[in-house]
Protein chains: 4
Amino acid sequence: MGGTPARGNNSRKDDACARRREELLSAAAKVFARSGYPGTEVQEIAAACGLAKGTVYLYFPSKEELFLATVDRAMIRLCHHVRETCAGIDDPLDRLAAAVRSYFAFFQSNPEIAELLIIERAEYRDRKTPTYLEHKRENTKDWQEVYAGLIRDGRFRAVPVERISRVVSDLLYGTMFTNHFSGGQRTPNEQARDVLDILFEGLLTPAERETRASRERATVPAEQT
Amino acid sequence: MGGTPARGNNSRKDDACARRREELLSAAAKVFARSGYPGTEVQEIAAACGLAKGTVYLYFPSKEELFLATVDRAMIRLCHHVRETCAGIDDPLDRLAAAVRSYFAFFQSNPEIAELLIIERAEYRDRKTPTYLEHKRENTKDWQEVYAGLIRDGRFRAVPVERISRVVSDLLYGTMFTNHFSGGQRTPNEQARDVLDILFEGLLTPAERETRASRERATVPAEQT
Amino acid sequence: MGGTPARGNNSRKDDACARRREELLSAAAKVFARSGYPGTEVQEIAAACGLAKGTVYLYFPSKEELFLATVDRAMIRLCHHVRETCAGIDDPLDRLAAAVRSYFAFFQSNPEIAELLIIERAEYRDRKTPTYLEHKRENTKDWQEVYAGLIRDGRFRAVPVERISRVVSDLLYGTMFTNHFSGGQRTPNEQARDVLDILFEGLLTPAERETRASRERATVPAEQT
Amino acid sequence: MGGTPARGNNSRKDDACARRREELLSAAAKVFARSGYPGTEVQEIAAACGLAKGTVYLYFPSKEELFLATVDRAMIRLCHHVRETCAGIDDPLDRLAAAVRSYFAFFQSNPEIAELLIIERAEYRDRKTPTYLEHKRENTKDWQEVYAGLIRDGRFRAVPVERISRVVSDLLYGTMFTNHFSGGQRTPNEQARDVLDILFEGLLTPAERETRASRERATVPAEQT
DNA sequence: CATGAATGAGTCTTCATTCAT
DNA sequence: TATGAATGAAGACTCATTCAT
C-alpha cells in the first residue's frame, strides 16, 4: 500500500523516482505552509507537480506520511545548511557566530519551513516528538563539546554547558519565530548581531556585576540549586 | 446570531451568563489544546461543561470565534499574571527577574496555553496577527523604559533598548516553548536562573571580552551595521 | 400542549386572546411570504408582534399549525372579500364581472397570500388538500347555479356548467399567479377586462365560427366525448 | 469546484458523463417532486442512481444548482415536446389546439414537473425569475405572430395579440395546475376541449352579445381603460 | 506507472420545541 | 401568561483514499 515505486534494479528508474519524491516534497512544503495541514488537499500538491492525485499515493502512503516526510526533509536541509557554513571555520567563537547567522539565513530563505514546524506541532501534538527537537538533540552534543573547550580555554565563563546550549538554542528558536511572525523583516545579520552581542557580553555593566556578586557572597550560598 | 444571551438589565442573569462564558472558555482551552482545532468538536467542549452543543452557540457565534476568544482570554490572563507578580517590586532588576519567573510559572500552570498559541498560528496563518504578538507589543514599551532607566543608572550596558527587549522576549518565548515541547520538565526557577544568568552576565570571560574589544578597535570601524 | 390560552368564562380575556391570534396570523402571513416556510423562524414572527418565541406556542401548538392557520385565514378573507363585493349586485353577469375584479383586487392588496398558496403546496404536498381548492369547492356550486340560470335565460351558450366553472376558475387562478410572478404590474381592472373579454366573446369571428360549425356537422357526430 | 468531471478530449468519457448527468437530473426531478426541496437529501437522489452522495457533487456543485438544473431541464423538455407536436401542422388553429393538448399531455406524463415549478417558486422566491416564465417569454412572440395572422385572415376577432397570448397562457397554466392538484384525473383531451371551446366560442349567446354591444354603444365611450 | 471517478465517513451549524422561572 | 435559555436532531458538503482502466 503505497511506498516507493521501482525499488529494484534499474538505477535510471530509481533516480527518476527519487527526483519525483523530491519534487513532491518541495511542492508539499510550499502548499502545506501556505494552506495549513487540514487546508491542504493532496490534489493541490499533485497539481503543483503536474501530476494526478492518485499518483501521489504511489510515492507516499498517506497525506500524513507525506507531511511528516516534508518536515523531515526540511530539518535535514537545515542541518546541512548550518553544518556546511561552519565547515571551514576553525575558531570556535567564529564558528558559533557563523552558525547563528546561517540558522537565521536558512529561515529567511525558507520561510515556509517555519510554518511547517508550527503545523507539525499543531497537528501531531501527541503522536510524535517534534522533528525539530529530534534534530536538535543530534547537534547538541557537538556544540556542548565546543562550549566545554571554550571554557577550558578560559574564553567562556564556567557556565554549565547544558545551560549554554539550552539558552543558545532557545534564543535562536525564539528569535527566528518572532521574526518570522513579524513578516521576516530583519536580516540574518541583524538578528545574529543582537543575539550574539547580548549572549557574549551580557547586559550588566562591570560595576553592577560586582555589586551583585558581592551581594551574593553575603547571602547563604545555598542558592545554587 | 450568536453572541451572548441576556444582554439586559437583570444582573443575576448577566452574572450567570458571564460565568458560563468563562466556564466555556476554560473548557475550550483544555479541549482545543488536547485535540487541536480541527480535532475538536464543539460538542466536546459543551459536554465538558455539562451542556448541549447548541448551547455553546448561544454564547459564541462559531467554533472559530470561540477559539479566538479562548486564545485572547489566555493572553489576557498571562499579562495579568506577570503584572501582578511585578506589582510591588521596586528594584528594576528584581522586577525583571520576577517577571521572567512569573512568565515561566504561568506556562507551567497553564501548559495548554502554549498549545493554543501554536494552534492559533497553524490555523489562522494569514487571517490574523498572532494574539501573542499583539499583547507583547503592549508591554514592550514599558519594559523598554525600564531598560533605559537601568542604562541611565549605569547598571545595564548601553545596548539599544529595542535590542534588549527583543532578545529578552525572544529568549523567553523560545525557552518556554522548548521546555513545553520537552514535556515541561524544568521548573520556572530553573528556567529563569539559566536565562537570567546568561542574559545578565553573558558568556565571555573578562579576558576574552578584552581580547575581542581590542581586536575590534583594530578593525575598520565600519562594522556597526 | 399549546392551543389557545384562556378558553373559559372571562370574555375580556377571550377577546384579547382572539386579537392576539389575529395579530400573530397577520404577522405570520407576511413573514412566511417573505422568507418561505423553512426560511422563517418562529422567532421572527414572535418578534414582529413584540412577543417572545415561547409565547407563540401558547397560541399555536407548532410552526406547522401556525402556518396552516395562516393560509386558512387568508382563504377565508378571500372568500369574504369576493362575497361582499358581489352582495348587492343583481345582474348575474355584472356579479360575475365584479367577482372577477374583486378576486384580482384581493391579491393585489394581499400579494403575500399568493406566496402562501405556493408555499403550502410546496411544503405540504401530500399531507393536505390545498386550502385554496377546499375553499373553491364551496363556492363552485353557487356559481354553477348562476351559470345554469344564465343558460336558462338564453344569455350563456348551453355549455356544461362544470366546464364553465372550471374554465373560469382556472383562468382566474392562472392569471392571478402569472401577474403575481411578474411583479403584480397589471391592475385588477386590466386583468378583469382581458379575462372577461375573451371569456364572454371568445376568440373566433362569426364567420370562422360558422366555418367550424359546418365542418363539424359534416364529421361523424361522435366527437362529443 | 464541482461541475462536470472529464471535460476533455475522450469522447467515451464525455458521453458517459453526459448520460450520468441526465440520469441524475431525471432522478432528481422525481425525488424533489416527491419530497420537496428541503425534504430531499442529496443522498436520496444519489441512491436513486445507485451512486454515493459524494458522486453527485462531482456533477453539480450544490444541491441548489442541482435543483435549478433539474427545473431547467424540465422546461426545456416541455418546450421540445410542444414544439415537436406542432411541427407538421399547417393550419394555425389546428396547431394551437395541438399545442394545448400537447401541453396538458406533457404534464400528465410528467406530473412531477408541476411540483418542481411550485417548489422553485417557494424556495427561490426572490433569488430568481421562475424558469417557467423565462421559457414562456421565448415562445410568446411566435404565438403572437400566429394570432396576428389569424386576425389578418379574419378568423380571430381583432383582440390585441398581447391579450390573447396572456389569456391563453394563463388559462393553460391555471388549468394544468388545478388538474394536477386534483390528482390529475382529467385527460389532456378533456382539458383541451373545455379550454378551447370557451376560448374559441366564448360564453355568450349571439343574442346576449348583441344586447351588450348595443348597451356599450349607448354608454359614454370612456370605458376603454 | 499514471489516472481521476467514485466513495462515504465526519462535523459544524440551525432552529423548532420545551420548561423552569 | 410570558419569557428565553437550553436542547439535540438533522443535513449539506468536503476530501483522503481506492481502484478499474
Side-chain angles (χ1 to χ4, degrees), chain A residues 1-2 5-6 13 16-17 20 38-44 46-47 50-64 66, chain B residues 1-2 4-8 10 12-13 16-17 20 38-44 46 49-64 66, chain C residues 1-2 5-6 13 16-17 20 38-44 46 50-64 66, chain D residues 1-2 4-8 10 12-13 16-17 20 38-44 46 50-64 66:
Chain A
M1 235 180 270
K13 272 188 187 169
C17 179
R20 183 148 288 179
T40 294
E41 298 176 37
V42 174
Q43 161 76 303
E44 285 180 71
L51 294 174
K53 216 179 346 168
T55 308
V56 175
Y57 285 87
L58 295 174
Y59 294 87
F60 299 92
S62 69
K63 184 185 177 184
E64 179 169 331
L66 170 55
Chain B
M1 241 173 265
T4 303
R7 7 76 216 178
N10 204 320
R12 226 178 321 169
K13 273 186 187 169
C17 181
R20 183 144 291 178
T40 293
E41 294 176 41
V42 174
Q43 160 76 304
E44 287 180 69
C49 296
L51 294 174
K53 206 179 352 166
T55 307
V56 175
Y57 284 89
L58 295 176
Y59 293 86
F60 300 92
S62 67
K63 184 183 176 184
E64 178 170 331
L66 170 56
Chain C
M1 234 180 270
K13 272 187 185 169
C17 179
R20 184 148 285 179
T40 293
E41 298 176 36
V42 173
Q43 161 76 301
E44 285 182 71
L51 295 173
K53 218 179 345 169
T55 308
V56 175
Y57 284 86
L58 296 175
Y59 294 88
F60 299 92
S62 70
K63 184 185 178 184
E64 180 170 330
L66 169 56
Chain D
M1 243 174 267
T4 304
R7 7 76 218 179
N10 203 320
R12 225 178 321 170
K13 272 185 187 170
C17 181
R20 183 143 289 179
T40 293
E41 294 176 42
V42 174
Q43 159 77 304
E44 288 180 68
L51 294 173
K53 203 182 355 168
T55 308
V56 176
Y57 285 90
L58 295 176
Y59 293 86
F60 300 93
S62 68
K63 185 184 175 184
E64 178 169 332
L66 170 55

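We name chains A, B, ... by the order of the sequence lines, and we start the count at 1 in each one.
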Among E:dC1, F:dT7, F:dA2, which is the nearest nucleotide to the side chain of C:Tyr59? F:dA2
Between E:dC1 and A:Arg20, is there an OP1 or OP2 to side-chain N/O distance shorter than 4.0 Å? no
Kindly give the atom pairs (protein nitrogen or oxygen, nucleotide nitrogen or oxygen) under 3.5 Å for nucleotides 9-12 of chain E.
| residue | atom | partner | partner atom | Å |
| --- | --- | --- | --- | --- |
| E:dA9 | N6 | D:Lys53 | NZ | 3.4 |
| E:dG10 | O6 | D:Lys53 | NZ | 2.8 |
| E:dT11 | OP2 | B:Glu41 | OE2 | 3.3 |
| E:dC12 | OP1 | B:Thr40 | O | 2.9 |
| E:dC12 | OP1 | B:Lys63 | NZ | 2.7 |

Gap separating the CG atom of D:Leu66 from the OH atom of D:Tyr57, nearest 0.5 angstrom: 8.5 Å
Name the closest nucleotide to the C:Thr55 side chain, picking from E:dA2, F:dT3, F:dA6. F:dT3
Expressed as a whole number of angstroms, how long is the span from D:Phe60:CZ to F:dT14:C1'? 18 Å
Could you grab the distance from atom CZ of D:Arg20 to atom OG1 of D:Thr55, nearest 0.5 Å is fine? 7.5 Å
Closest heavy-atom pair and its distance - A:Gly39, A:Glu44: O-OE2, 3.5 Å
Partner residues of B:Glu64 under the side chain to side chain contact (heavy atoms under 4.5 Å, CB included) criterion, sequence neighbours left out: B:Tyr37, B:Ser62, B:Leu68, B:Tyr124, B:Arg127
Separation of F:dG11 C1' from D:Leu66 CG (nearest whole Å): 15 Å
Where each residue is assigned the nucleotide of DNA chain E containing its nearest heavy atom, which of D:Leu51 and A:Gly50 is assigned the position nearer the 5′ end? A:Gly50
Say you draw a straight line from OH of D:Tyr59 to SG of D:Cys17; how long is it, rounded to the nearest 0.5 Å? 5.0 Å
Taking D:Lys63 for the side chain and D:Thr40 for the main chain, is one N or O donor matched with an acceptor at less than 3.5 Å? yes
Taken to the nearest whole Å, CG/B:Leu58 to P/E:dT13 is 14 Å
In whole angstrom, give the distance that lies between atom CD of A:Glu64 and atom C1' of F:dC15. 16 Å
Pairs counted only when both distances fall under 3.5 Å, Watson-Crick or G-U: show me the 5' to 3' dot-bracket for DNA chain E, [ ] for pseudoknotted crossings and | for other-strand partners. .||||||||||||||||||||
